[in-house]
Structures are given as structure tokens and as C-alpha cells.
Amino acid sequence: MILFQKTYAHLKSFPRDMWVLWTATFLNQLGFIVFPFLLLYLTQHLGFSLAKSSFVYVAFGMTLMIASFIAGNIIDRIGPEKVLLTALAGNSIVMFIFPAIHHYSTILIMSMIWGVTFGIYRPASQTLTSFLSPPGEQKITFSVMRLSTNLGMSMGPLLGGFLVAKSFSSIFIVNGTSNLIAAMIIILGLKSAFKKTPRHSTKLTFIQTAAFLKQDKILRIFLLGLLPVVMVFFQHEASLAVFLTQNLRFSYHFYGFLFTINTLMIVFFEILLNVATRAWGAKTSFITGSLLITLGFTGFAFATQAWQIILLTVIWTLGEMILFPAASGFVADLTSEKNRGAYMGLFSMNQNAALLLGLWGGSFLMSYLGAQILWIICGFWGLLSLLIFIKLPQKPTF
């Protein structure tokens with residue numbers, strides 16, 4: 001009961017603007033359907049090979065990574081809200097055009113454009129979230145932001161599973177429409193907040209932004225440690241779908257159901273978990289979260305039954321609930337407001353690099369070595385993150 005009271009007190013302290021942003025995030029993620037089903041769309045609907053389809057992720061991921069790095073600099077100069085609205089509008093346009101394209105080279109080009117709009121969204125959203133957060137509440141704030149994100153995603157992929165069974169094109173239309181609705185809510189609901197977000201009076205070069213990695217040892221070690229385990233985590237976006245539907249012969253609905261389990265756990269337990277572990281040091285959160293993610297995905301090498309898949313999903317979800325809010329809050333607290341966009345850009349670039357390398361590497365390993373080898377390699381890769389996080393210098397709790 002005390003834990004629920006503490007959680008309620010934290011939620012009550014958040015300003016109105018924060019709730020507007022969370023609402024827009026929820027609606028945006030409600031329509032976030034295309035990405036989890038993209039590999040299936042390319043292989044089963046358009047008939048491209050798994051290797052060819054995986055290269056679409058490479059094209060998407062390369063521009064995604066570059067865009068997130070560039071976005072940090074722009075965010076500090078013009079404000080996160082303008083970059084966020086640009087990302088939502090651009091993403092919507094890409095979604096409406098995508099199903100009309102069937103040639104492989106054109107799909108690669110469109111995926112690269114999508115990577116740009118997708119890449120600037122995350123650092124802008126995270127920077128705006130950190131600005132609107134009450135002082136000292138970054139970890140809890142990002143937990144609630146993830147709640148909004150995952151509440152939408154609990155419904156989106158499940159809906160996507162039914163839509164895909166009838167028409168792949170419909171998932172693009174739903175995704176693009178949700179982007180537009182989210183943009184309108186931000187425009188109408190955050191007018192007053194737009195004038196309050198900090199701006200950097202000095203134009204930083206991209207070289208100066210990258211120099212933060214050299215100057216900040218804690219940031220450098222943290223990002224290095226985060227990369228392998230996030231690569232493992234992103235296997236749920238593509239490789240897991242192929243493994244379940246082709247290797248174990250489960251339905252699309254079962255894959256969507258796993259997303260629902262993952263998201264409902266986050267909706268009902270993540271804030272409580274992070275309030276309960278609020279006093280944990282950053283290193284403790286990173287090690288615990290990484291360990292659970294590693295165990296969850298490595299276990300797929302030995303799983304054949306539905307209940308085993310569900311149990312492993314619960315395990316890696318617990319790791320996700322601990323690791324990612326702690327990581328976002330950690331980065332937000334590492335720097336002052338004037339450079340927060342640059343730091344969030346580097347953080348997003350790291351995650352996007354993990355997305356690119358994880359999805360491409362997972363598809364490659366599954367194609368040439370098989371699913372079991374992929375999951376075992378995930379175990380060793382996650383262990384690398386644990387070893388690096390053990391070396392992370394201790395930082396005060398956030």
C-alpha cells in the first residue's frame with residue numbers, strides 16, 4: 001500500500017504539459033504497427049529473400065543513426081518541440097507512400113527517408129520529456145513516458161496481427177494517421193511549453209558534439225556497455241517474429257500476443273518497480289536489467305512450447321523495465337540543459353546503432369547459422385555488457 005501511495009504522489013506531481021506529451025505519445029505508439037511486421041511484409045507479401053529484406057534494415061538503420069546524431073545539435077538550437085513535430089509529419093508522409101512502392105531499390109530509398117524521420121523523433125521526445133520533468137524525477141518521468149509508449153504498443157501490434165492477416169497495406173495507413181493525430185495534440189496542447197524550452201545560444205559543430213564522448217568518460221563507458229545488450233534486446237523486433245512463425249510454427253497472433261504481455265507488464269508494473277528501486281545506483285540498475293534481458297533471449301535457444309516463450313518474454317521484459325528508464329534518466333542527469341539535446345542525440349545514436357547492428361546481425365545469423373546459434377550468441381553478447389557495466393564509475397542516484 002505504501003508503494004502505491006508513493007507512486008500516486010509521484011504521478012500527481014507532474015505538470016499538465018507532461019500529461020499532454022504522454023497522451024500524444026500514447027496515440028502515436030497506438031499506430032506504431034509497421035516496424036514489427038516490416039520483415040514479414042518484405043519476405044512474405046513482396047517475396048524478397050530474408051537476406052535482401054534484412055538489408056532494408058541496414059539502409060533504414062544507417063540513416064536512423066546519422067539522423068539521431070545530427071538531431072541533437074539541432075534540438076539544442078531550435079528546441080525539441082519543432083524537431084518532434086517535423087519527425088511526426090515526415091513519418092506520416094512516408095507511411096502513406098510506402099505501400100504503393102514495390103521495387104526493391106525504391107524501397108531502399110524510402111527506408112532511408114523513413115530512417116531520417118524516425119531518427120530525429122527519439123532524441124527530440126526524450127529531450128522535451130527531460131525539460132518538462134520535475135527536478136530529481138528523471139527516472140520516474142521516463143518510466144511514465146515508457147508507460148504511455150507501451151500502452152499504445154500493447155494494442156498496436158495486436159491490432160497489426162489482425163490487419164496483416166487481411167491486408168498489409170492497412171498497417172501503413174493506420175501508422176501514418178496516428179502520427180498526424182499525435183502532432184496535432186502537441187501543437188494544440190503544448191503552445192505555452194514551446195516558449196519555455198531552453199535554447200543553446202552557441203552553434204555547436206558536429207565535431208564538438210562528438211567530442212563529448214572523448215571528454216566524458218562516464219558517458220563513453222556507459223554507451224559502450226549499453227550497445228551489446230540493446231542489440232540483444234532488439235531481436236524481438238524482427239528475428240523473434242521469424243523464429244516463432246517459421247521455426248516453431250506459431251501464428252502471427254501469438255507473436256502479437258507476446259507484445260501485449262510485454263506491454264501490459266510495463267503498464268501495470270514498471271512505475272511501481274522504478275519507485276521501489278528509486279534508491280538504486282545506476283550501476284545496479286544497468287547490471288540487473290542487462291542480466292535479465294540476456295537470460296530471456298538466450299533461453300529461446302531451448303524453448304519449444306508456448307508457455308516457455310511466454311516465461312522468457314516475462315524475464316526479458318523485467319530487464320527492459322529496469323534498464324531503459326534508468327538509462328534515459330542517467331543521460332539526462334549527466335549534462336546541463338543547454339547540451340541535453342546533444343547528449344540525447346548521442347544516446348539515441350547508440351540505441352539506433354544497436355537497432356541497426358542487432359537486426360542485421362540477427363537476420364544474418366539466423367539465415368546462415370540458424371536460430372539456436374543466434375540465441376546462444378545473444379548470451380555471450382549480453383555478458384559483454386555486464387562486464388563493461390561492472391567497470392562503470394559510480395554515480396549518485398538519480
Side-chain angles (χ1 to χ4, degrees), residues 24-25 28-29 31-39 41-42 53-101 103-129 149 171-183 186-187 203-207 209-210 227 230 234 237-238 340-360:
T25 301
N28 182 50
Q29 293 301 322
F32 184 68
I33 300 174
V34 172
F35 196 82
F37 292 95
L38 181 61
L39 191 63
Y41 171 74
L42 295 172
S53 300
S54 66
F55 194 74
V56 172
Y57 281 106
V58 175
F60 170 85
M62 287 298 294
T63 55
L64 178 78
M65 189 166 56
I66 295 170
S68 60
F69 174 68
I70 295 174
N73 204 358
I74 300 173
I75 288 166
D76 286 333
R77 291 175 55 204
I78 69 173
E81 69 286 346
K82 293 179 181 178
V83 178
L84 184 61
L85 290 172
T86 300
L88 289 170
N91 202 76
S92 179
I93 293 171
V94 170
M95 290 296 99
F96 290 141
I97 295 175
F98 211 113
I101 297 171
H103 295 290
Y104 183 70
S105 59
T106 313
I107 288 174
L108 284 178
I109 294 172
M110 186 57 63
S111 297
M112 293 173 71
I113 298 173
W114 186 22
V116 172
T117 61
F118 201 96
I120 64 177
Y121 174 84
R122 178 178 288 173
S125 176
Q126 290 180 324
T127 303
L128 184 58
T129 299
T149 300
I171 63 176
F172 292 92
I173 303 302
V174 172
N175 203 144
T177 302
S178 70
N179 296 148
L180 287 180
I181 294 174
I186 292 173
I187 291 172
K203 180 180 177 180
L204 291 176
T205 67
F206 298 127
I207 294 177
T209 301
L227 183 65
V230 178
F234 277 126
E237 294 282 9
R340 191 166 293 166
Y343 267 61
M344 285 299 182
L346 291 170
F347 176 49
S348 294
M349 184 180 70
N350 177 270
Q351 291 183 296
N352 293 334
L355 177 68
L356 166 65
L357 296 173
L359 294 183
W360 178 81

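Just so you know, these numbers use all the heavy atoms, side chains as well, and skip hydrogens, waters and symmetry mates.
- Distance check, rounded to the nearest 0.5 Å: CD1 of Ile113 to CZ of Phe118 gives 16.0 Å.
- How far NE2 of His103 is from CD1 of Ile109: 11.5 Å, rounded to the nearest 0.5 Å.
- Looking at every heavy atom in both residues, Ala24 comes nearest to Ile186 through CB-CG1, 3.6 Å.
- Side chain of Thr177 to backbone of Ile173: a donor-acceptor contact under 3.5 angstrom is found.
- Contact between Leu84 and Ala124 at its shortest, heavy atoms only, is N-CB, 3.8 Å.
- Thr127 places none of its side-chain heavy atoms less than 4.5 Å from the side chain of Val83.
- Taking CD1 of Ile66 as the reference point, atom CE of Met349 lies at 10.0 Å (rounded to 0.5 Å).
- Minimum heavy-atom separation, Val34 to Met95: CG2-SD, 3.6 Å.
- Judged by distance alone, with hydrogens and angles left aside, the side-chain atoms of Ser178 form a donor-acceptor pair with the main-chain N or O of Asn175 at under 3.5 Å.
- The side-chain hydrogen bond (donor to acceptor under 3.5 Å, both in side chains) contacts involving residues 59-72 comprise Ser68-Asn352, where partners must be two or more places apart or lie in separate chains.
- Trp114 places a side-chain heavy atom less than 4.5 Å from the side chain of Leu38.
- With sequence neighbours excluded, the residues that form a side chain to side chain contact (heavy atoms under 4.5 Å, CB included) with Ile107 are Leu42, Leu46, Phe48, Val56, Phe98, Ile101, Ser111.
- Crowding of Met62 atom CE: a count of heavy atoms from other residues, nucleotides or ligands under 6.0 Å not exceeding 12.
- Annotation for Ala71 and Ile120: closest pair CB-CG2, 3.8 Å, computed over non-hydrogen atoms.
- By the neighbour-count criterion of 12 heavy atoms within 6.0 Å, atom CZ of Phe55 is sparsely surrounded, having that number or fewer from other residues, nucleotides or ligands.
- Between the OH atom of Tyr121 and the OG atom of Ser348 there is a distance of 11.0 Å, given to the nearest 0.5 Å.
- Interatomic distance, CD1 of Ile70 versus CE of Met65, reported as 11.5 Å (0.5 Å rounding).
- Contacts of Phe234 classified as ring-ring contact (aromatic ring centres under 6.0 Å, His included), with partners at least two apart in sequence or in another chain: none.
- Pairing each heavy atom of Asn179 with each of Ser92, the nearest pair is OD1-N, 3.6 Å.
- A heavy-atom distance below 4.5 Å is not found between the side chains of Ile75 and Met344.
- Between atom CG of residue Leu128 and atom CZ of residue Arg340 there is a gap of 11.5 Å, rounded to the nearest 0.5 Å.
- Across every non-hydrogen atom of Ala67 and Gly115, the tightest pair is CB-O, 4.2 Å.
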